[in-house]
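Comments concern the structure below.
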Protein chains: 2
Amino acid sequence: MAPIFLGTHDVKLDSKGRVSIPAPFRPLLSRQGFDGAVLFPSYKVDGAIEGCGMDFLNQLVDSVNSYELFSDAQEDFSATLFASSHQLAWDANGRVVLPEILIQAAGLTEKAVFVGNGKMFRIFEPKRYAAWQAERVQALKANPRPLPLGKPAAETTGGAS
Amino acid sequence: MAPIFLGTHDVKLDSKGRVSIPAPFRPLLSRQGFDGAVLFPSYKVDGAIEGCGMDFLNQLVDSVNSYELFSDAQEDFSATLFASSHQLAWDANGRVVLPEILIQAAGLTEKAVFVGNGKMFRIFEPKRYAAWQAERVQALKANPRPLPLGKPAAETTGGAS
DNA sequence: TGGGATCATGTGGGATATCATGGGTTCAGA
DNA sequence: TCTGAACCCATGATATCCCACATGATCCCA
């Protein structure tokens with residue numbers, strides 16, 4: 001069963017660059033032999049960090065590998081996914097040290113917010129997250145979308161972004 | 001589970017032609033009886049060095065050998081892959097000595113950057129890498145690729161380069 | 001239903017081990 | 001005899017690991 005990341009969790013970012021992985025996320029991320037997460041800058045949402053477990057990353061890798069080795073498509077994912085990803089083990093207290101490049105990418109200072117996103121999660125600077133979320137709510141109000149159950153949702157065309 | 005090379009790691013190239021293999025890469029490359037990596041000039045990306053472990057090289061060998069012996073494809077791969085590969089053991093500090101021909105191929109001087117690429121990794125001269133990565137990011141923005149999970153992605157044709 | 005106890009989680013801090021870098025020595029081969 | 005490969009040592013910085021404490025959530029009992 002694929003894990004599902006839910007909820008919004010406020011955490012502190014300390015002077016050593018450490019954050020606590022929210023306790024509900026940890027069992028979803030653990031796998032035998034490795035307690036940690038994979039983080040990379042989102043290319044979909046500016047100012048966000050995407051997070052997932054190694055199992056999900058392996059699914060991504062399998063998907064990328066369905067492109068032939070040395071193909072153009074594989075090149076693009078190399079530059080955006082593998083090269084910018086960080087595999088971080090958490091310590092005995094469930095904390096990871098965020099690389100400076102991710103702290104910069106998300107504009108983090110003293111706090112961060114972990115946001116469940118179903119199969120993955122995101123990490124935002126709290127103020128940026130509030131603004132981003134407000135935009136999403138407005139977008140949904142301006143362009144309401146039904147959510148069919150049991151069958152794939154068709155992407156509606158014509159909308160920007 | 002196949003190893004996955006992630007992240008971007010800046011290293012020094014010293015006057016003896018030595019570089020440190022980034023510590024996270026070393027367990028992925030180690031195999032019983034041999035601590036080292038296989039490096040060869042990339043035929044796909046000018047100015048890059050491709051790197052992998054012996055296990056992955058064996059997969060490449062099997063793949064190449066699936067072409068008929070003495071066929072043009074097999075000749076091409078043999079000329080670019082086997083003939084120009086270097087198997088380098090690292091020392092007690094995790095360093096290898098880069099052959100001059102690879103240093104020239106990548107245009108390295110004082111620094112290098114190791115870039116994770118899933119099953120393999122690449123070594124670039126930092127400025128060349130920055131330019132190459134900017135191209136890739138632009139290509140992805142101009143020609144966004146979804147990354148479906150669980151089923152093979154069809155290579156789209158007609159794209160430039 | 002309320003209060004108390006216990007346990008889990010998050011935060012702060014420090015110590016230690018590892019890693020990256022710089023350098024030197026020795027030996028073998030040309 | 002010289003050069004280069006292989007091996008080894010030292011040091012500083014950083015990553016990793018571990019401890020302690022406070023707070024809040026949860027559970028149990030009256």
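So that the names make sense, note that chain A is the first sequence line, chain B the second, and so on, each numbered from 1. From a predicted model like this one, the values you see are computed outputs, not experimental measurements.
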What does the inter-axis angle of the helix from dT1(C)-dA30(D) to dA30(C)-dT1(D) come out as, five pairs per end, nearest 10 degrees?
30°
Scanning both residues in full, the closest heavy-atom pair of L39(A) with G51(A) reads CD2-CA, 3.6 Å
Going 5' to 3' on DNA chain C, which nucleotide is the first and which the last to come under 4.0 Å of a heavy atom in chain A?
dT9(C) to dG14(C)
Base, sugar-phosphate alone, or nothing: which one does V97(B) contact when heavy atoms must sit under 4.0 Å apart?
nothing
Specify the closest pair of heavy atoms between S84(B) and P41(B), including all atoms of both residues, with the distance to one decimal.
O-CD, 3.5 Å
Compare all side-chain heavy atoms of L57(A) with those of L6(B) and state whether any distance is below 4.5 angstrom.
yes
Between F5(A) and F25(A), what is the ring plane arrangement, given parallel below 30°, perpendicular above 60°, and tilted in between?
perpendicular
In the 5' to 3' direction, the nucleotides of DNA chain D bounding the stretch that comes under 4.0 Å of a heavy atom in chain B are dC7(D) to dA10(D)
If you pin K16(A) and N93(A) to their nearest nucleotides in DNA chain D, which one's is more 5'?
K16(A)
Students often mix this up, so state it plainly: with edges at 30° and 60°, are the rings of Y129(B) and F124(B) parallel, tilted or perpendicular?
tilted
Taking the side chain from R26(A) and the backbone from I21(A), do they hold a donor-acceptor pair closer than 3.5 Å?
yes
Linking I/L/V/M/F/W/Y whenever any side-chain heavy atoms sit under 4.5 Å apart, do I49(A) and F40(A) land together?
no
T8(B) (side chain) donor-acceptor with A83(A) (main chain) under 3.5 angstrom:
yes
First of R95(B) and S20(A) reached from the 5' end of DNA chain C, by closest nucleotide
S20(A)
May I ask you to say what L88(B) touches in the nucleic acid, namely base, sugar-phosphate or nothing, with a heavy-atom cut-off under 4.0 Å?
nothing
Could you tell me whether a side-chain N or O of N93(B) sits under 3.5 Å from a main-chain N or O of R95(B), the two making a donor and an acceptor?
no
For A23(B), report the nucleic acid contact type (base, sugar-phosphate, nothing); a contact means any heavy atom under 4.0 Å.
sugar-phosphate
K111(B) and E125(B) ion-paired at < 4.0 Å
no
Of the non-hydrogen atoms in F34(B) and L88(B), which two are nearest, and what is the gap between them?
CZ-O, 3.9 Å
When P24(B) and K12(A) are each assigned the nearest nucleotide of DNA chain C, the 5'-most assignment goes to K12(A)
